[in-house]
Asks: 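Before we start, here is the structure in question, set down as structure tokens.
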Amino acid sequence: MQKNEIYTVIIEDLTAEGSGVCRVDGMTVFVPDTAPGDELKIKIVKVLKRYAFGIVQEILTPSGDRMTPDCPHHRQCGGCTFRHIRYEKELGLKAKIVRDAFERLGKLSPEFLPILGCESRIRYRNKAQYPVAADKDGRLICGFYAKRSHRIIPVKDCLLQPELFSRVTDAILRYAEKKKISAYHEETNTGILRHIYLREGHSSGEMMVCLVVRKAIARELGGLIPVLTEEFPQVKSIVMNVNPEKTNVILGRKTVTLWGSDAIMDTMCGNEVEISPLSFYQVNTPQAERLYGAAKEFAALTGRERLLDLYCGAGTIGLSMADAAGSVLGVEVIPEAVENAKENAERNGIENAEFICGDAGEIAQRLAAENMLPDVIVADPPRKGCDEQTIDAICQMNPERIVMVSCNPSTAARDCALLCQRQYRIVKVQPVDLFPGTGHVECVVLMSREK
Ligand code: SAH
């Protein structure tokens, strides 16, 4: 096979990154923006030893699973990998991604419950972080990165976000231009405005505007306050986050409130919760409630249990289970999130929940050494999963049940496989789609101690 050759193919499968897969002369060829069942004329653009990449030249017969993407930026933007696929098909693919992770990577065979789909494929996010740059005429733009690149595609209105977000980003960019606030330049670590980070409480409608800057410019940003608060009464909090590092981590450690509250409020699983800019908060609130609902069901609490909530963020999961537990102890590494969690407990009159700030593995080791023996452990780690120290401490504490909540099926499967080498067995997995249109999928896993 050689570059620039043209083939007629039928797409057989789709990868988790949204690339169609077909076979040509024994070679696997990946073709982006295609759907299983598509009959296509493709052009080969790159040939490696075992596989190759192609692009669509012509759609001969479109797959029944294909639909016209509703977003004009779909082809360039790296955000939505499944935007051109019917939602039922996308859900089927995501269920398969979860199943494959546990069966193939983890060599586990739990029961798989049907994936919980999302009612809306658009405007379901409550948070966006837009990188800022200058275009070739020096005008400020913001948007999202192109596929596999750090080139910013200016996106006027991303269909995953509230409509209001695009009007707010526009007002900020025009203000920054007027005040000659420069866009950050990644390669040289120069310029000022790095990201515009917005959050909107799903039920409260309260909005936070966070300007991520390379160095503090509180005075220059002062004039933005009346611009935003007069035009957008939803804005309750305007903050500046300072990130001086040459890094692709978005937020720095220092946040300064420029106007209004330090945090916004929202309702999650019936609790009123306060969320600081540095605190993690699930981006799709109604689906997060279903995810936490599944976790609560798996935890099967009877009112007496000691519950340990590892990686608890602002406490959302533990607090949603507190009414059914004897006590809740949350562990989280970000101090602002722990503060939120404590205040969230108090605000909702929850008296049986406590929170500790620290590394999940270290704290879990300490709790195990102190003979703190929880009946149920919930663990909701970041994408990289739990570390071995944490898995070890969990096993030492020997809870009856472990409920693993994860945004990455591969690391969840790896961690569950480690637990299965010890005294646990995997019972069931509930996939939940919090991120329609994108390649991401969440799941909840129930692990049970062997008798
Ligand atoms: N359970 C929460 C947060 C889940 S996201 C919710 O549903 O909202 C994962 C959380 O783990 C984040 O809050 C992150 O700050 C935290 N975290 C990451 N590494 C950690 C570590 N080593 N120890 C403790 N918490 C950690």
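Every number for a ligand or one of its atoms is a count from 1 in the order of the listing. Because the structure is predicted, anything quoted here is derived from the model rather than measured.
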Asks: Can a non-hydrogen atom of C312 be found less than 4.0 Å from any atom of ligand 1?
Replies: yes
Asks: For H150 and Y145, take the angle between the two ring planes, folded into 0 to 90°, and tell me which bin it lands in: parallel under 30, tilted 30 to 60, perpendicular over 60.
Replies: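 Ring orientation, 0 to 90° scale: parallel.
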Asks: Using a 3.5 Å cut-off on N or O atoms only, is D380 in polar contact with ligand 1?
Replies: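 Yes, since at least one N or O of D380 sits under 3.5 Å from an N or O of ligand 1.
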Asks: Can you figure out which of Q389, K384, E332 has its heavy atom closest to atom 14 (C) of ligand 1?
Replies: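 Considering heavy atoms of Q389, K384, E332, the nearest to atom 14 (C) of ligand 1 sits in E332.
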Asks: Measure from atom 25 (N) of ligand 1 to every heavy atom in V405, V333, T390 and give the option owning the shortest one.
Replies: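 Residue with the shortest heavy-atom distance to the ligand atom: V333.
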Asks: Write down the atom of G106, the atom of A417, and the distance for their closest heavy-atom approach.
Replies: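 That closest heavy-atom pairing would be O-CB, 3.8 Å.
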Asks: Any N or O on T316 sitting closer than 3.5 Å to an N or O of ligand 1?
Replies: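 Indeed, backbone or side chain, T316 has an N or O that close.
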Asks: Out of curiosity, is G318 lining ligand 1, as in a heavy atom under 4.0 Å away?
Replies: no
Asks: Going by the order shown, which atoms of ligand 1 are within less than 4.0 Å of some heavy atom of G313?
Replies: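 Counting from 1, the qualifying ligand atoms are 2 (C), 3 (C), 13 (O).
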Asks: To check your reading of the model: name the closest protein heavy atom to atom 19 (N) of ligand 1, its residue, and the distance in Å.
Replies: P382 CG, 3.9 Å
Asks: Provide the closest heavy-atom pair for A101 versus A413 in the form atom of the first, atom of the second, distance.
Replies: O-CB, 3.3 Å
Asks: Just need the protein heavy atom nearest to atom 24 (C) of ligand 1, so name the residue and atom and give the distance.
Replies: A360 N, 3.3 Å
Asks: Taking atom CD1 of I391 and atom CG of D415, what is their separation to the nearest 0.5 Å?
Replies: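 The CG atom of D415 is 4.0 Å from CD1 of I391, to the nearest 0.5 Å.
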Asks: Shortest non-hydrogen contact from N243 to V249?
Replies: ND2-O, 3.0 Å
Asks: At less than 4.0 angstrom from any non-hydrogen atom of I334, what atoms of ligand 1 do you find?
Replies: 15 (O)
Asks: Any idea which heavy atoms bring I275 and R199 closest together, and the distance?
Replies: CG2-NH1, 3.0 Å
Asks: Fit a plane to each ring of F144 and Y130, take the angle between them on a 0 to 90° scale, and name the class: parallel (under 30°), tilted (30 to 60°) or perpendicular (over 60°).
Replies: tilted
Asks: So if I count the atoms of ligand 1 from 1 in the order they appear, which ones are less than 4.0 Å from some heavy atom of G358?
Replies: 23 (N), 24 (C)
Asks: Here's a test for you: under salt bridge (charged side-chain N to carboxylate O under 4.0 Å, His left out), which of R75, R66, R83 qualifies with D33?
Replies: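 When salt bridge (charged side-chain N to carboxylate O under 4.0 Å, His left out) is applied between D33 and each of R75, R66, R83, only R75 qualifies.
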Asks: Check this for me - ligand 1, V331, N or O atoms closer than 3.5 angstrom, yes or no?
Replies: no
Asks: Is R194 positioned over the aromatic face of Y184, cation under 6.0 angstrom from the ring centre and no more than 45 degrees off axis?
Replies: yes
Asks: With a heavy-atom distance limit of 4.0 Å, tell me whether I317 approaches ligand 1 through its side chain, its backbone, both, or neither.
Replies: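 Side chain only.
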Asks: Under 4.0 Å from ligand 1, counting heavy atoms only, is it the side chain of Y292, its backbone, both or neither?
Replies: side chain
Asks: Looking at every heavy atom in both E332 and C312, which two are closest together, and how far apart are they?
Replies: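 Of all heavy-atom pairs spanning E332 and C312, the closest is CB-SG, 3.5 Å.
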Asks: State the atoms of ligand 1, each with its element, that fall below the 4.0 Å cut-off from a heavy-atom position in D359.
Replies: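 Counting atoms of ligand 1 from 1, those under 4.0 Å from D359 are 21 (C), 22 (N), 23 (N).
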Asks: If you have a sec, work out which protein heavy atom is nearest atom 11 (O) of ligand 1 and how many Å separate them, to one decimal?
Replies: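 Here the nearest protein heavy atom works out to Y311 CB, 3.4 Å.
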